[in-house]
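Reading through the structure tokens given below for one structure.
Below, chains carry the letters A, B, ... as their sequence lines are ordered, and counting in each starts from 1.
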Amino acid sequence: MARDDALAREDILAYLDAHEKKSLLRFITCGSVDDGKSTLIGRLLYDSKLIYEDQLKALEGDSRRFGTQGEKIDFALLVDGLAAEREQGITIDVAYRFFSTEKRKFIVADTPGHEQYTRNMATGASTADLAVILVDARKGVLTQTRRHSYIVSLLGIRHVVVAVNKMDLVGYSRETFDEIEAEYRAFAAPLGFESIVCIPISALEGDNVTAKSARTPWHKGPALLPYLETVETAQNRAGAPFRLPVQWVNRPDQNFRGFAGTIASGTVGVGDEVVVVPSGRRSTVARVLVGDREVARAGPDEAVTVTLADEIDISRGDVICAGRAPAEQTDQFAAHILWMHDEAMIPGRQYLLKTANRVTPATVTELKHKVNVNTLEHLSGKTLELNEVGYGNVATSHPIAFDSYRNNRTTGAFVLIDRRSNNTVGAGMIDFSLRRAQNVHWQDLDIHKAERARAKHQRPCILWFTGLSGSGKSTVANLVEKRLHDMGRHTYTLDGDNVRHGLNKDLGFTDADRVENIRRVAETAKLMVDAGLIVLVSFISPFASERRMARELVEDGEFLEVYVSTPLEVCEKRDIKGLYAKARRGEIKNFTGIDSPYEPPENPELDLDTSKIAAHEAAERVVEYLERNGYLRG
Amino acid sequence: MSQIQHLLARAESYAAREGLSLSTVSRKLLNDGKGLARLKAGGQCTLKTLEQALARLAALEGNGAGAPASAAEASRAQTAPGQLERASMTHLDRLEAESIHIIREVAAECENPVMLYSIGKDSSVMLHLAMKAFHPSKPPFPLLHVDTTWKFREMIRFRDETARRLGLDLIVHINQEGLAQGVGPFTHGSQIHTDVMKTQALKQALDKYKFDAAFGGARRDEEKSRAKERVFSFRTAQHRWDPKNQRPELWSIYNTRVHKGESIRVFPLSNWTELDIWQYIWRENIPIVPLYFAAERPVVERDGALIMVDDERMPLADGEKPKLEMVRFRTLGCYPLTGAIRSTATTLPEIIQEMLLAKTSERQGRVIDHDQAASMEKKKQEGYF
């Protein structure tokens with residue numbers, strides 16, 4: 001940097017020219033609180049002269065107030081940003097740092113190392129090309145080192161630097177270093193890194209950080225910064241098949257129809273043959289623009305707009321691929337999932353899945369195993385808690401174009417979003433398609449839902465009665481069915497209690513089982529709708545997300561939510577089955593309304609409170625609704 | 001449009017741009033001076049010929065009008081079609097591509113986005129990136145300037161001229177209640193002024209137009225609490241930021257979903273540094289407000305800061321006279337709150353040189369985040385952008 005300063009002083013144009021051609025390396029630093037991670041980053045910033053006088057002054061003040069280094073400057077304070085963190089003396093989020101040398105610009109994701117911050121580490125790793133894993137020389141390879149290495153490999157980082165820190169505290173001992181290196185290499189072998197470089201350093205004293213230290217003459221390898229300046233991490237993505245997830249369709253007028261997006265892999269040039277996934281339509285590339293510049297060819301990570309020779313229908317969510325090597329498409333695949341939210345992942349619950357460019361409802365249909373991030377052991381389990389990693393099957397409502405995450409970190413990645421809170425709750429890496437989507441075709445039948453419905457003179461639908469136990473769901477549903485039967489309609493009732501004696505008798509009352517219970521009932525109801533029936537479902541169904549899943553299984557207008565909104569006090573007073581009394585005595589666990597929540601519908605088609613109107617009147621309203629909206633004509 | 005028509009349209013626009021006759025271009029594309037004219041008259045050619053012509057045309061167009069603006073562009077233009085070996089992207093290319101991706105994502109997913117335009121150099125870069133992201137269309141969102149009525153006059157001129165030149169919608173919002181109460185930095189102090197005329201005014205504007213996403217030009221290198229803020233940063237219906245409850249942001253997949261009334265602040269320049277901004281302005285020749293360049297300006301010294309006397313509202317002590325000094329500004333804001341530095345840098349390279357050799361960080365010129373160590377974090381929780 002010093003030489004750089006001189007160049008800036010003497011020949012600014014030459015300086016600008018040199019700096020314009022710098023490359024960029026994104027890396028992540030992993031280590032626990034005491035490994036000296038923040039100190040290392042602070043040291044890199046300090047030694048590359050990226051700290052200004054006013055910052056240094058503030059730092060000296062802070063060092064006295066919060067520092068852990070006595071009179072010395074505490075570099076860690078440069079890095080720990082949020083006030084809460086400074087007070088607790090730990091790093092709790094992902095912070096991004098920037099520094100540059102004359103050769104490279106660096107973006108450092110600084111992430112916490114504790115197990116409870118696994119998700120933060122994964123976040124930082126998702127955009128990094130290299131990981132610097134800190135190991136305390138006094139402690140060697142620890143559980144946390146294994147965890148960090150596993151997560152880094154899971155997120156697809158292929159290059160690792162093991163920085164053996166605090167060498168000053170072990171007398172710069174070569175034996176200590178060699179032992180740690182041997183142990184690390186043995187452990188990391190199955191993780192499939194392309195390169196592992198071990199460097200003995202002292203972040204506090206500055207040994208082997210920016211330059212090789214005289215105190216480790218036995219170390220033949222490079223110092224940390226010179227290595228980071230020269231390491232090549234490009235995974236030859238230019239040679240991989242072309243993928244352009246279409247982000248936005250650019251249509252200023254009739255003469256221009258461009259498809260904008262960031263190239264995920266491969267290159268694209270004028271005249272290339274391309275195929276669009278999932279539509280399968282083909283064309284050739286007419287023009288390629290990078291920003292506002294027309295170019296002959298563009299490559300990975302460039303934000304481009306391409307136009308095609310033919311007018312074919314392409315929209316956001318599609319992926320334009322090399323004609324000879326298109327991406328796969330599927331609606332069922334196996335994936336690794338990292339859970340990032342307090343509310344556990346429940347198989348069968350519907351989430352929104354967002355890929356590089358499309359959003360579709362999805363469920364984890366089966367969790368095959370969980371991974372102990374410390375030992376890499378496989379564990380069995382039904383749900384995924386915060387910071388847990390699992391492997392399972394995912395089903396999406398619409399087919400998505402994808403590549404295996406191993407081959408493409410852009411088209412193989414997705415996040416899961418909670419439908420109610422809109423939070424990002426999970427991150428996933430696709431392994432392979434289960435291919436059922438391609439192998440199991442629907443039997444092509446000549447008689448369809450419409451024909452069956454016409455024969456019955458009705459429009460099939462699901463009347464979904466939801467409400468507390470004792471609210472009157474079954475009573476009203478029963479009366480509705482009788483009325484419809486009298487009118488010559490074809491119906492069937494799926495009752496919560498009855499279904500639990502047969503189809504769902506293997507399920508209990510935990511949240512996960514309730515979700516599966518509803519899923520099976522919803523699928524059964526869907527088949528009955530297909531058969532042309534008016535299906536009455538009478539189920540407590542306390543969770544909004546499961547009712548929404550049921551709604552989305554069938555076509556618009558086929559799902560009618562009937563909220564039997566009789567208040568809890570009334571239901572409890574009725575207590576026809578004596579269940580509330582038992583729940584109050586603690587004899588029944590997870591009883592809706594008592595120790596398990598009920599989420600009332602926001603926009604039910606019908607709202608019936610049987611404490612205000614009689615059951616037969618409520619039933620009448622349901623039949624009226626069906627008549628008024630054309631369900632009884634066919 | 002058929003492929004032949006497409007070729008003709010592009011060849012003609014290329015000829016017009018380069019000042020060449022159509023027959024010259026025809027020779028370059030088809031080895032035949034009359035080829036294009038024949039096609040224009042309804043003639044046909046084989047698909048192979050057409051493909052070759054298109055490839056040659058693309059190569060010509062890739063060479064761009066006049067001299068390439070940068071080394072990166074030159075190396076790109078030299079790359080022939082079909083060739084896999086390409087010049088790798090520089091750090092500026094990567095930052096540009098990342099920002100364009102973010103801007104496009106908002107346009108594609110949000111219903112009613114807006115770009116906050118503060119007229120400063122970062123805003124100029126952000127706007128330039130937005131123009132690129134949607135070329136040849138215009139950005140599908142308006143610009144919003146929250147005018148505290150105390151900005152430098154040159155900033156306002158530059159703002160109006162920029163919106164006119166680019167043909168963009170510009171919304172200017174002023175807190176009318178604050179204006180009626182005569183709120184200003186001299187009478188009410190910087191804290192109240194900033195809160196009423198900037199923070200409150202911004203909330204008013206976002207509520208009034210019901211924007212669900214607003215681009216801002218903040219960078220993570222500016223201030224420590226920003227280093228941890230996401231690119232897509234959520235605000236409650238009351239515009240509050242909760243640093244402890246941020247959504248994880250992995251890869252370049254951004255979760256843009258919000259509930260009614262909530263909104264997102266989007267920072268496409270998150271990963272840029274001050275040097276990157278200047279270097280990019282230099283590379284792309286982006287217009288910036290002249291106040292960044294040194295010139296003789298009337299200033300007075302207040303608490304160690306050089307304040308420019310931009311209009312008659314500046315109270316002067318008895319006998320105090322503004323002095324003409326060679327000064328420039330490292331950041332721009334309300335003129336009474338923005339300190340100038342003595343400088344002779346009148347060109348971009350000189351400014352960059354000065355910045356590289358400077359010993360204080362850029363935010364020092366701003367009066368707002370001096371008060372306490374964590375003051376920006378606090379302000380952001382209260383709704384400051």
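- Once rounded to the nearest 0.5 Å, the distance linking CD of A/E20 with CD of B/Q279 reads 5.5 Å.
- Heavy atoms closer than 4.5 Å to chain B are found in both the backbone and the side chain of A/Y96.
- The backbone N or O of A/K22 sits less than 3.5 Å from a side-chain atom of B/H91, completing a donor-acceptor pair.
- The pair A/K105-B/D276 meets the salt-bridge criterion, with a side-chain N (NZ, NE, NH1 or NH2) lying under 4.0 Å from an Asp/Glu carboxylate O.
- The CG atom of A/L16 sits 8.0 Å away from the CG atom of B/L275 when rounded to the nearest 0.5 Å.
- In terms of heavy-atom proximity, A/I107 sits nearest to B/N271 at CD1-CB, 3.9 Å.
- Heavy-atom distances place no part of B/S99 under 4.5 Å from chain A, backbone and side chain included.
- At least one donor-acceptor pair under 3.5 Å links the side chain of A/Q247 to the backbone N or O of B/H101.
- For a residue to count as touching a neighbouring chain, one of its non-hydrogen atoms must lie under 4.5 Å from one of that chain's; by this rule A/R419 does not touch chain B.
- A/V304 touches chain B through its backbone: at least one of N, CA, C or O sits under 4.5 Å from a heavy atom, while the side chain does not.
- Contact record, A/V270 with B/A58: CG2-CB, 3.5 Å, taken as the closest heavy-atom pair.
- With a 4.5 Å cut-off on non-hydrogen atoms, B/L129 does not touch chain A at all.
- For a residue to count as touching a neighbouring chain, one of its non-hydrogen atoms must lie under 4.5 Å from one of that chain's; by this rule B/W282 touches chain A with the side chain only.
- A/T305 and B/R104 share a donor-acceptor pair across their side chains, judged by distance under 3.5 Å alone.
- Taken from OG1 in B/T347 to CG in A/L13, the straight-line distance is 8.0 Å, to the nearest 0.5 Å.
- With chain A as the partner, the residue from B/P349, B/A133, B/S270, B/P140 showing the most heavy-atom pairs under 4.5 Å is B/P349.
- B/L7 does not touch chain A: none of its heavy atoms, backbone or side chain, sits under 4.5 Å away.
- Distance alone, capped at 3.5 Å, is enough to place a donor-acceptor pair between the A/N250 side chain and the B/H135 backbone.
- Among B/R10, B/M131, B/E98, the residue making the largest number of heavy-atom pairs under 4.5 Å with chain A is B/R10.
- In terms of heavy-atom pairs under 4.5 Å with chain A, the best-connected choice from B/R94, B/K138, B/E105, B/E249 is B/E105.
- Distance check: A/S421 OG to B/R247 CZ gives 7.5 Å after rounding to the nearest 0.5 Å.
- Between A/N423 and B/N255, the shortest heavy-atom contact is C-ND2, 3.8 Å.
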Could you give me the CA-CA distance, side-chain angles and deciding distance for B/W251 and A/T355, then say whether side chain to side chain contact (heavy atoms under 4.5 Å, CB included) is met? CA-CA 10 Å; B/W251 301 288; A/T355 66; over 6 Å; no

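- Put simply, the side chain of A/R420 does not reach to within 4.5 Å of the side chain of B/H259, judged on heavy atoms.
- Between chain B and the residues A/A128, A/G266, A/A122, A/A286, the most heavy-atom pairs under 4.5 angstrom are made by A/A286.
- Among residues two or more places apart in sequence or in another chain, the side-chain contact (heavy atoms from CB on, under 4.5 Å) test is passed with A/A18 by none.
- B/L356 CG to A/I12 CD1: the interatomic distance, rounded to the nearest 0.5 Å, is 5.5 Å.
- For the residue pair A/V415 and B/I253, the shortest heavy atom distance occurs at CG2-CG2, 3.8 Å.
- Residues B/R257 and A/I417 are in side-chain contact: their nearest non-hydrogen atoms beyond the backbone lie under 4.5 Å apart.
- The residue among B/L92, B/T273, B/I100 with the most heavy atom pairs within less than 4.5 Å of chain A is B/T273.
- Closest non-hydrogen pair, B/R220 versus A/F98, comes out as CB-CE1, 3.5 Å.
- At most 12 non-hydrogen atoms from other residues, nucleotides or ligands lie less than 6.0 angstrom from CG of B/N285.
- No donor-acceptor pair under 3.5 Å is formed between the side chain of B/T90 and the backbone N or O of A/K21.
- The contact between A/R251 and chain B is made entirely by backbone atoms, counting heavy-atom distances below 4.5 Å.
- The greatest number of non-hydrogen atom pairs below 4.5 Å with chain A, out of B/A97, B/A107, B/S137, is found for B/S137.
- Only the side chain of A/L352 comes within contact range of chain B, with heavy atoms under 4.5 Å apart.
- A ring-centre distance under 6.0 Å is found for B/F134 and A/W248.
- To the nearest 0.5 angstrom, B/D221 atom CG is 10.0 Å from A/R97 atom CZ.
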